[in-house]
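Encoded as structure tokens, the structure appears first; notes follow it.
Just so we're on the same page: letters track the sequence lines, and every chain starts at 1. Just so it is clear, the model here is predicted, and its values are computed rather than measured.
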Amino acid sequence: MKSALYLYNTISRKKEMFEPLAPPFVGMYVCGPTVYSEAHLGHARPAVTFDLLYRYLMHLGYQVRYVRNITDVGHLENEVDDSGEDKISRKARQENLEPMEVVQKYMNSYHTAMEKLNTLPPSIEPRATGHIIEQQQLAERLISKGYAYEVNGSVYFDVEKYDSMHSYGILSGRVLEDMRANSRALEGQDEKRGQFDFALWKKASPDHIMRWPSKWSDGFPGWHLECSVMSTKYLGDTFDIHGGGMDLIFPHHECEIAQSTASQGHSPVRYWVHNNMVTINGQKMARSFGNFITLEELFTGSHKMLVQAYSPMTIRFFMLQAHYRSTLDFSNEALLAASLGLQKLLTAERTLASLKPSDESTADIRGLSKKCYDAMNDDLNTPVAIAQLFDAVRIINLVNDGKEKLSAADITSVKELFKVFVHDLFGLKAGESVGNDKLAGVLQLLLDMRQEAKARQEWSVSDRIRDRLSELGITVKDRKDGCDWEITA
RNA sequence: GGUCGGUUGGCCGAGUGGCUAGGCAUCGGUCUGCAAAACCGGGUACGGCGGUUCGAAUCCGCCACCGACCUCCA
């Protein structure tokens, strides 16, 4: 272990030293997407955040089981609406598809986007539909323990009862009594005993497509059950880390705690870790605001709010430049800044590879690595770690200019620093190289001819080559000794 | 209304009771046939009003504003 990692635990509201239950093993469960539409910007934040945590834990030497679910039973679109249609069913009806076709389509979209963002695949990616039986079993267990009741073929969790025995709201800081005082009673029929009770099993209306048989009714599992079931099934009754977006704290994670505590006497989770939300031009991203951007639109620049495309690595770097518990505001200006910053970082790494060692060092690069680790250990403070990397960038460039010197040993340790932080932990990789060697060869030929033209002072020829390549999205970069090129579009 | 979080320089975004965050932009310079690229360097900051303190942007109080959650949501 390098040193102690501190993580902010939502339930204690403090940074706590991370100590796994059974080292060297670590169990981490993260709430994944409901697959009823294209993967969007909001999906990227937790994916990148917990990918970072996953990578860091492994780097520290832990053996991590990373479980991230796919919710493929659509949560109810509108609980009050008695039609009880869920998101996936609705989408299936609208697009005239099987629900599982909808699920497959958007799951593929999610996976593709995640791969582009260079997030490592989880160890297990369980799906709600694959755990219907276990969910029924948990519902049954909660009934037998007196924490749940059946009405008209549906099963509800009795929040009042639970609150009288334990305490409902410990994660989100809510008090049931206050909630009662501050919310109007919902109008109309409700088969629930208490207004805060939530469904464990829901009877399907006749036209509801996704349904499974059960002792209570043909229906489908409730909102929060799948995560309780799948996390403990694969990670045990008590596991180390449960992650997800902050918007899931209430009611989703609160209900998970209630279900598990009611069924097994204690919460299964030791550290609750939540990432903050993404905003766009200062506004929450929501369909109703018209600022809803899918990851594919971002990567291709096809959304009307985007002035250009932003590469997956730019998105990733942009997210890492902010702390995961801060809201992160997307704008063209901010993304462009991130993209240029990333380019600078990666360019310096190429410079580093060709640096000439000196007998001694005049620049101090020791300490940078420790500062990076310190930052990571302080609740994954990636922006501070990145600032250290830019310090290294400045030194690399100064050495390259002959204004500072680095010994061979120091150069090696800077290389190691970049390898560990830029690549292994931050998961950043250099942009696409040329698809194949032939193109590289052709380019080299063109650039050689341009150099010769320049030597003969035939500027019209050399400029023409440069301009035509530029139109093709290839930027020619003249250097003191020869020239370099980069695919920029 | 309730709960929680935030307000940092042109933009994004860290952080600490006294010591330059960093990136982008801008300005100056190096380089260059020109341009771009690349590199170096400089400046501008901590919402308002009180308080604690030798000293606060950092702690406390009040006010203003913004956001998240309270319904599905990453």
Side-chain angles (χ1 to χ4, degrees), chain A residues 10 13 30-34 36-37 39-50 71 74-80 86-87 169 172-175 178-184 186 196 223 243-252 254 274-279 282-287 317-318 321-323 325-345 347-348 351 371 375 378 381-391 393-394 396-398 400-401 403 454 457-459 462-463 466-467 470 475-480 483-486 488:
Chain A
T10 307
R13 285 168 213 188
V30 175
C31 286
T34 304
Y36 67 100
S37 67
H40 58 76
L41 197 45
H43 291 129
R45 190 100 197 257
V48 169
T49 298
F50 293 101
T71 297
H75 296 167
L76 280 189
E77 186 70 24
N78 186 345
E79 192 192 344
V80 184
D86 75 36
K87 287 173 177 171
S172 57
R174 272 156 233 266
V175 177
D178 295 347
M179 287 169 64
R180 250 183 257 120
N182 286 308
S183 68
R184 292 167 263 162
L186 293 173
F196 299 107
W223 302 253
M246 271 184 184
D247 52 339
L248 297 177
I249 292 173
F250 189 91
H252 186 57
E254 201 69 77
H274 291 99
N275 63 273
N276 214 318
M277 313 305 281
V278 165
T279 58
Q283 263 191 322
K284 182 193 175 184
M285 186 177 81
R287 288 173 207 282
F317 181 70
F318 180 58
Q321 266 195 312
H323 186 85
R325 283 192 292 116
S326 302
T327 54
L328 178 60
D329 190 46
F330 272 68
S331 62
N332 280 295
E333 210 177 355
L335 284 169
L336 192 62
S339 129
L340 293 172
L342 174 62
Q343 224 167 53
K344 180 175 181 171
L345 188 68
T347 300
T351 306
K371 284 180 187 169
D378 183 14
N381 198 330
T382 49
V384 167
I386 288 173
Q388 305 308 318
L389 293 178
F390 277 106
D391 270 358
V393 167
R394 193 172 41 80
I396 289 166
N397 290 328
L398 283 167
N400 193 42
D401 280 5
K403 291 170 183 163
K454 283 176 71 175
Q457 301 198 349
E458 292 171 5
W459 310 127
S462 66
D463 289 355
R466 182 217 290 160
D467 295 344
S470 171
T475 303
V476 176
K477 301 175 175 183
D478 286 333
R479 303 186 62 87
K480 280 185 209 125
C483 77
D484 208 355
W485 55 270
E486 187 177 37
T488 48

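Atom-to-atom, CG of A/D391 to P of B/U20 comes out at 12 Å; the value is rounded to the nearest Å. The distance from atom CG of A/L340 to atom C1' of B/U26 is 14 Å, rounded to the nearest whole Å. Spacing between atom CE of A/M285 and atom P of B/G67 amounts to 17 Å, rounded to whole angstrom units. Nucleotide B/C69 holds its P atom 17 Å from the CZ atom of A/R13, rounded to whole Å. Atom-to-atom, NZ of A/K371 to C1' of B/U20 comes out at 11 Å; the value is rounded to the nearest Å. When the C1' atom of B/A21 is taken as reference, atom NE2 of A/H323 falls 15 Å away, rounded to whole Å. Whole-Å rounding puts the A/D329 CG to B/A68 P distance at 11 Å. As rounded to whole Å, 14 Å separates atom C1' of B/G67 from atom CG of A/L328.
Among the protein residues, A/I249 comes within range of no part of the nucleic acid, since none of its heavy atoms lies under 4.0 Å from any strand. Across all strands, A/E333 comes closer than 4.0 Å only to sugar-phosphate atoms, never to a base (heavy-atom distances). A/M246 comes within 4.0 angstrom of nothing in the nucleic acid, heavy atoms only. Residue contacts shown for A/V175 are absent, as no nucleic acid heavy atom lies under 4.0 Å away. Using a 4.0 Å heavy-atom cutoff across all strands shown, A/S331 reaches no nucleic acid atom at all. When heavy atoms are screened at a 4.0 angstrom cut-off, A/G245 is found touching the sugar-phosphate backbone but no base atom.
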Protein and nucleotides 57-59 of chain B: nitrogen or oxygen contacts under 3.5 angstrom:
none

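Using a 4.0 Å cut-off, some side-chain N or O of A/N381 falls inside it from OP1 or OP2 of B/G15. Not one side-chain nitrogen or oxygen of A/S339 sits closer than 4.0 Å to the OP1 or OP2 atom of B/C24. OP1 or OP2 of B/A74 has at least one side-chain nitrogen or oxygen of A/T34 nearer than 4.0 Å.
With both ends at atom C1', the span from B/G29 to B/A21 equals 25 Å, rounded to whole Å. Distance noted for atom P between B/G55 and B/C62: 23 Å (whole Å). Separating the C1' atom of B/C27 from that of B/G43 is a span of 8 Å, rounded to the nearest Å. To the nearest whole angstrom, the two P atoms, one in B/C59 and one in B/C66, are 23 Å apart. A gap of 23 Å separates the C1' atoms of B/A56 and B/G22, to the nearest Å. Rounded to a whole angstrom, the distance from the C1' atom of B/G9 to that of B/G5 is 23 Å. Atom name P, nucleotides B/A57 and B/U8: the rounded distance is 16 Å, in whole Å. Atom name C1', nucleotides B/C40 and B/U58: the rounded distance is 33 Å, in whole Å.
By the salt bridge (charged side-chain N to carboxylate O under 4.0 Å, His left out) test, A/R174 pairs with no residue at all, sequence neighbours left out. Partners of A/V384 under the side chain to side chain contact (heavy atoms under 4.5 Å, CB included) rule, at least two apart in sequence or in another chain, are A/A375, A/N381, A/Q388. By the ring-ring contact (aromatic ring centres under 6.0 Å, His included) test, A/F330 pairs with A/F318, sequence neighbours left out.
Expressed to the nearest 0.5 Å, how far CG of A/L345 lies from CG of A/L340 amounts to 12.5 Å. In this structure, A/R394 CZ and A/K344 NZ are separated by 9.5 Å, a value rounded to the nearest 0.5 Å.
The backbone N or O of A/V393 lies less than 3.5 Å from a partner atom in the side chain of A/N397, making a donor-acceptor pair. The backbone N or O of A/S172 sits less than 3.5 Å from a side-chain atom of A/E254, completing a donor-acceptor pair.
Between A/A322 and A/N275, the residue anchored closer to the 5' end of RNA chain B is A/A322, taking for each the nucleotide with the nearest heavy atom. Residue-to-nucleotide proximity on RNA chain B shows that, of A/G42 and A/F250, the 5′-proximal contact is made by A/F250.
The minimum heavy-atom distance linking A/M246 with A/H274 is given by the pair CG-CB, 3.8 Å. The two atoms that bring A/M285 and A/H40 nearest to each other are CE-ND1, 3.2 Å, heavy atoms only. The heavy-atom pair separating A/N275 from A/P46 by the smallest distance is OD1-CB, 3.2 Å. Shortest non-hydrogen contact noted between A/I396 and A/A348 is CG2-O, 3.6 Å.
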Apply side chain to side chain contact (heavy atoms under 4.5 Å, CB included) to A/F250 and A/H252, showing your working. CA-CA 5 Å; A/F250 189 91; A/H252 186 57; over 6 Å; no
Apply side chain to side chain contact (heavy atoms under 4.5 Å, CB included) to the pair A/N276 and A/H323, showing each step before the final yes or no. CA-CA 9 Å; A/N276 214 318; A/H323 186 85; over 6 Å; no
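Between A/K454 and A/D478 there is a salt bridge, with a side-chain nitrogen of the basic residue lying less than 4.0 Å from a carboxylate oxygen of the acidic one.
Closest to the side chain of A/M277, out of B/G22, B/A68, B/A14, is B/A68. Among B/C73, B/G22, B/C12, the nucleotide with an atom closest to any side-chain atom of A/A387 is B/G22. The side chain of A/D247 has B/C73 as its nearest neighbour among B/C72, B/A21, B/C73.
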Can you give one letter per nucleotide of nucleotides 29-42 of chain B, 5' to 3': B if a protein heavy atom sits under 4.0 Å from the base, S if only from the sugar-phosphate, - if neither? ----BBBBB-SSS-
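Helical stems of RNA chain B (runs of at least 3 Watson-Crick or G-U pairs, donor-acceptor distances under 3.5 Å) are listed by first residue: B:1-7 with B:64-70, B:10-12 with B:22-24, B:27-30 with B:38-41, B:47-51 with B:59-63.
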